[in-house]
Amino acid sequence: MKCPICGCENPDDYKFCHDCGNPLILNDLNQKFDDLNNHDDFPSFDSKKLIIVGYIIAILFGWGSFILSLLFGSYGFIGFIGLFFPGFMLNSKDPNIRKHAYIQLAIMIVGIVVTFFVLFR
């Protein structure tokens with residue numbers, strides 16, 4: 001084990017450097033801490049499934065509000081609830097997921113705008 005202070009090579013079972021006397025256990029703990037930080041603690045998910053669910057939500061909430069407003073008259077504002085899921089997807093590190101989130105937002109906003117024109121014409 002190499003000493004983090006003086007660089008002297010020590011046997012692995014030593015707790016302190018035989019040259020400078022500094023503790024070697026800190027080097028071992030720092031290495032374990034770095035190994036833990038390199039792993040992603042978030043659960044993995046299938047991005048294709050997430051994108052498909054996002055499109056379903058965008059169509060249901062964005063254009064479903066238009067259908068509800070045609071059928072019942074004043075339930076068209078439900079489309080705003082669906083804006084949360086693409087907003088969640090925009091926080092992803094994956095550029096493909098973010099690209100599809102922008103498309104889903106566009107689908108929803110067009111549906112909501114059409115609903116407003118139907119309700120307030």
Side-chain angles (χ1 to χ4, degrees):
M1 180 180 300
K2 196 172 195 175
C3 176
I5 305 299
C6 69
C8 179
E9 193 63 40
N10 293 285
D12 288 337
D13 60 337
Y14 278 29
K15 303 287 186 218
F16 297 92
C17 177
H18 68 80
D19 192 36
C20 67
N22 284 305
L24 297 174
I25 191 78
L26 293 177
N27 190 22
D28 190 37
L29 289 175
N30 286 337
Q31 180 64 36
K32 288 179 183 177
F33 184 72
D34 290 340
D35 290 343
L36 286 174
N37 282 337
N38 290 335
H39 296 293
D40 195 9
D41 292 333
F42 297 105
S44 61
F45 57 87
D46 187 7
S47 62
K48 290 181 183 180
K49 289 180 184 176
L50 182 70
I51 291 169
I52 291 170
V53 167
Y55 279 111
I56 291 170
I57 289 174
I59 293 168
L60 285 177
F61 282 96
W63 287 93
S65 62
F66 174 71
I67 294 169
L68 285 173
S69 67
L70 288 177
L71 294 176
F72 301 110
S74 62
Y75 293 103
F77 299 107
I78 198 168
F80 287 109
I81 297 170
L83 292 174
F84 291 109
F85 194 74
F88 162 74
M89 289 175 57
L90 286 174
N91 290 324
S92 175
K93 293 179 182 177
D94 186 0
N96 189 38
I97 292 176
R98 285 196 311 267
K99 175 185 79 168
H100 286 283
Y102 284 119
I103 295 169
Q104 293 165 11
L105 279 173
I107 290 170
M108 292 184 71
I109 290 171
V110 168
I112 292 169
V113 168
V114 168
T115 301
F116 277 125
F117 282 124
V118 168
L119 289 176
F120 300 116
R121 55 183 144 127

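This one's a predicted model, so the numbers in the text were calculated from it and none came from an experiment.
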Counting C-beta onward and ignoring hydrogens, is there a side-chain heavy-atom pair between Cys6 and Cys17 closer than 4.5 Å? yes
List for me each residue that meets ring-ring contact (aromatic ring centres under 6.0 Å, His included) alongside Tyr102, sequence neighbours excluded, and say none if there are none. none
Side chain to side chain contact (heavy atoms under 4.5 Å, CB included) partners of Asp94, counting only residues at least two apart: Ser47, Ser92, Asn96, Ile97
I'd like a table of donor-acceptor pairs (distance under 3.5 Å, sequence neighbours excluded) in which one partner is a side-chain atom from residues 51-63, with atom names and distances.
unit_1	atom_1	unit_2	atom_2	d
Tyr55	OH	His100	ND1	2.8
Trp63	NE1	Ile107	O	3.4

Output for pair (Glu9 CD, His18 NE2), nearest 0.5 Å, gives 8.5 Å
Kindly assign one of parallel, tilted or perpendicular to the pair Phe85 and Phe88, based on the angle between their ring planes and the thresholds 30° and 60°. tilted
Search all heavy atoms of Lys93 against all heavy atoms of Arg98 and return the closest pair with its distance. O-NH1, 3.2 Å
